[in-house]
Amino acid sequence: MIYLWHDPYLNLDRFPLGAVPAGSAVRLRLRVAGESERAFVRLWRGGGEEWAPMRALSDSAYEADVPVGREKGLLWYYFVVDTPDGRVYAGKPEDDVCACYDHEPPSFQITVYDPAFEAPEWMRDSVMMQIMVDRFFIGGKANPPAGRGAYLHKSWNELPDLRPAAADGDAEAIDFFGGNLEGVREKLSYLKDLGIGAIYLNPVFRARSNHKYDVGDYLEIDPSFGTEADFERLTREAADAGIHVVLDGVFSHTGADSRYFNRYGTYPSIGAYQSPDSPYAKWYRIDPRTGKYDSWWGIDTLPNVNETEPSFLNFIVNGDDSVIAHYLRSGASGWRLDVADELPMEFIHALRLRAKAEGAQNCVIGEVWEDPTNKVSYGRPRSYALGDTLDSAMNYPLRDTVLAFFLGKQDAYHLANAVNHQLSTLPKPMLYSMMNLLGSHDKPRVINVLAGSQNLEPPREQRAFTPLTPEQYALGSERFVRAFELITLLPGMPCLYYGDEAGLTGMGDPFCRLPYPWGREDRALQTRIQSLIRRRNASPILRRGDTTLRALTPDALQITRTLDGASESFTITRTI
């Protein structure tokens, strides 16, 4: 009987810890209890493998120094030990640190990234707020929406309209509340006082819908939100307040009701839907025999584009006054890429180069719902963590495991393993820039989730707004505070979805997109969230320190942050 152990989260067993730059080496140690004859590290990268013999340190340990190579990518390894009774393996199961096998095991991962990879410094120092402009605040007078059939609610405090999805999947989000860019500008003092250092705006370009993911014109701010002058004034005054503004880039598709496709003849241009001679015809995939076209998730109001078509790539990325460059020059600090995992890697690579050419402190954040270091998309493995595409990703994997912990669905050992996985696989520039969110426009409100509400996202035709009981709200908001405290203690950029800090509740779309409850805020909740943000903002250790964590019990997690020889430890417990 033999026992093998390797902890990829421990300096003793893997040095240096975490992802490593190309051209470096990693020392791997395997601990052994029982009689053994020899040991190997089995390495695999790309299409090739290597068996590296390990040197015996004693009867109870083997060690090997492994060069990671000069090419960025993912390097995989597991251990093979020959014993008098046969061959034994040690590998990394999904839900544990290490395990022994009598067959080829799952591998440990080393992320090998570009040594030149740097993310903007401000990201690791900021707390972010995601804002849907229409639902945040009306600055001055509400502007009437310009889209076909769009209309303005009579009262800010009404519920969003729920429209059943049409046969084409479009739910026609055409009800507006009147929030605008001037409203965001007027609330900069609130955001600064809260401790916010960055705001991510859902799309602001002209489009029919209130959410603007059906872009109509990339080069025009939606009239209901204001003008480009309003945008420039917002970014200028935000910068004066120490707040960065990140824009949402929707580049995998446009709206059918757009200048480029123009299915309904709304625009004076000749769109791709109208004629194969349109200057935009090559942007789309349209069957000339049937008129049918490729669309995003089959929703025919959202025709997909050919992102690598030279004229589209030039318009969005490479041109002298491309969309990317234009808004960065107008004061934006970067882009969040909608459905980044549906964009070609070469498109994101080109976009990154252009954004950085406009300023090294410009960021590129991707909407990636899974592990950004190792994702399979459209049958191809992709890593967004190598330093050549994204600076950061929306950290849905962390969100999911944090919420599961506070709901009692996973224990602290699972949570520690999930966080340690990110600590060990994300390059530090990305780790400290991850968009660590608990809520977003695509998910039910976090207080509802943490209240243990059931059936938060039923079929659209069955949805209705159901207020939480006082008991449910008390439980959900208390868990939210603890969950938010946890993400302020971890590396990365904590992100609030607008109104979460004020006690806004709601189930799935459209009820997770209620207007901000100005005048009806939960002041006690705001104060608690503000104090957590201020603690983080005041602490270099929390923003930039190294991180170790371990589960103390199934219900308690200990986090230790260390910087320049100073350490601080925190214990997070859950309320069930």
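The structure displayed is predicted, hence computed values, not measured ones. We use all heavy atoms of the structure for the numbers below, so side chains are in, but hydrogens, waters and symmetry mates are not.
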For residues [X] and [Y], is any side-chain donor paired with an opposing acceptor at under 3.5 Å?
{"X": "Ser209", "Y": "Asp214", "answer": "yes"}
{"X": "Ser569", "Y": "Thr560", "answer": "yes"}
{"X": "Glu228", "Y": "Ser330", "answer": "yes"}
{"X": "Asn395", "Y": "Asn436", "answer": "yes"}
{"X": "Gln109", "Y": "Thr111", "answer": "yes"}
{"X": "Thr373", "Y": "Asp371", "answer": "yes"}
{"X": "His414", "Y": "Asp411", "answer": "yes"}
{"X": "Gln410", "Y": "Thr401", "answer": "yes"}
{"X": "Arg520", "Y": "Asn157", "answer": "yes"}
{"X": "Thr235", "Y": "Tyr327", "answer": "no"}

Nearest 0.5 Å, what's the [atom1]-[atom2] distance between [X] and [Y]?
{"X": "Leu525", "Y": "Gln530", "atom1": "CG", "atom2": "CD", "answer": "11.5 Å"}
{"X": "Arg534", "Y": "Ile529", "atom1": "CZ", "atom2": "CD1", "answer": "13.0 Å"}
{"X": "Ile221", "Y": "Glu232", "atom1": "CD1", "atom2": "CD", "answer": "9.0 Å"}
{"X": "Phe511", "Y": "Thr505", "atom1": "CZ", "atom2": "OG1", "answer": "11.5 Å"}
{"X": "Asp7", "Y": "Asn420", "atom1": "CG", "atom2": "CG", "answer": "7.5 Å"}

Which heavy-atom pair separates [X] from [Y] by the least distance, and what is that distance?
{"X": "Ile199", "Y": "Leu191", "answer": "CG2-CD1, 3.8 Å"}
{"X": "Ser224", "Y": "Pro145", "answer": "CB-CA, 3.9 Å"}
{"X": "Leu475", "Y": "Leu450", "answer": "CG-O, 4.3 Å"}
{"X": "Pro372", "Y": "Met430", "answer": "CB-CE, 4.2 Å"}
{"X": "Pro203", "Y": "Val250", "answer": "CG-CG2, 3.7 Å"}

*Please collect all side-chain hydrogen bond (donor to acceptor under 3.5 Å, both in side chains) contacts where either partner lies in residues 384-393, sequence neighbours excluded, each pair once.*
Arg352-Asp391, Lys356-Asp391, Arg382-Tyr384
Residue list, ring pair (Phe, Tyr, Trp, His ring centres under 6.0 Å) with [X], at least two apart or on another chain:
{"X": "Tyr190", "result": "Trp518"}
{"X": "Trp296", "result": "His253"}
{"X": "Tyr218", "result": "Phe251, Tyr260"}
{"X": "His441", "result": "Tyr213"}

Salt bridge or not for [X] and [Y], using N-O below 4.0 Å?
{"X": "Arg336", "Y": "Asp248", "answer": "yes"}
{"X": "Arg482", "Y": "Glu485", "answer": "no"}
{"X": "Lys154", "Y": "Glu158", "answer": "no"}

Heavy-atom check, side chain of [X] versus side chain of [Y], under 4.5 Å:
{"X": "Phe570", "Y": "Gln558", "answer": "no"}
{"X": "Leu557", "Y": "Thr571", "answer": "no"}
{"X": "Leu468", "Y": "Ser453", "answer": "yes"}
{"X": "Leu194", "Y": "Leu496", "answer": "yes"}
{"X": "Leu532", "Y": "Arg535", "answer": "yes"}
{"X": "Leu486", "Y": "Phe406", "answer": "yes"}
{"X": "Arg135", "Y": "Asn210", "answer": "yes"}

Say whether, by atom type as modelled, one donor and one acceptor occur between the side chain of [X] and the main chain of [Y] under 3.5 angstrom.
{"X": "Glu182", "Y": "Gly139", "answer": "no"}
{"X": "Asp175", "Y": "Pro160", "answer": "no"}
{"X": "Asp114", "Y": "Leu386", "answer": "no"}
{"X": "Asn537", "Y": "Gly197", "answer": "no"}
{"X": "Gln472", "Y": "Thr469", "answer": "yes"}
{"X": "Arg574", "Y": "Phe405", "answer": "yes"}
{"X": "Asn202", "Y": "His211", "answer": "no"}
{"X": "Arg561", "Y": "Leu489", "answer": "yes"}
{"X": "Arg206", "Y": "Gly216", "answer": "no"}

Has [X] got more than 12 heavy atoms of other residues, nucleotides or ligands less than 6.0 Å from its [atom1]?
{"X": "Glu118", "atom1": "CD", "answer": "no"}
{"X": "Asp564", "atom1": "CG", "answer": "no"}
{"X": "Gln462", "atom1": "CD", "answer": "yes"}

Among all residues two or more places apart in sequence or in another chain, which pass the side chain to side chain contact (heavy atoms under 4.5 Å, CB included) test with [X]?
{"X": "Pro21", "answer": "Ser24, Tyr113, Pro115"}
{"X": "Arg124", "answer": "Glu121, Tyr432, Arg544"}
{"X": "Ser126", "answer": "Trp122, Ala198, Met493"}

*Scan residues 424-433 for pairs that pass salt bridge (charged side-chain N to carboxylate O under 4.0 Å, His left out), counting only residues two or more places apart or in two chains.*
Lys428-Asp546
_Per the salt bridge (charged side-chain N to carboxylate O under 4.0 Å, His left out) rule, what does the pair list look like for residues 442-459, sequence neighbours excluded?_
Asp442-Arg513, Lys443-Glu457, Arg445-Asp500
_The test is salt bridge (charged side-chain N to carboxylate O under 4.0 Å, His left out); show your working for Glu478 and Arg528 and say whether it passes._
CA-CA 10 Å; Glu478 176 62 30; Arg528 295 179 72 186; 2.9 Å; yes
*Report the residues that fulfil side-chain hydrogen bond (donor to acceptor under 3.5 Å, both in side chains) with Glu568, sequence neighbours left out, ordered by chain and then residue number.*
none
*Pairing residues for Ser433 by the side-chain hydrogen bond (donor to acceptor under 3.5 Å, both in side chains) criterion, not counting sequence neighbours*: none
*asked:* Could you check whether Lys212 makes a cation-pi contact with Phe225, meaning its NZ or CZ is under 6.0 Å from the centre of the six-membered ring and within 45° of the ring axis?
replied: yes
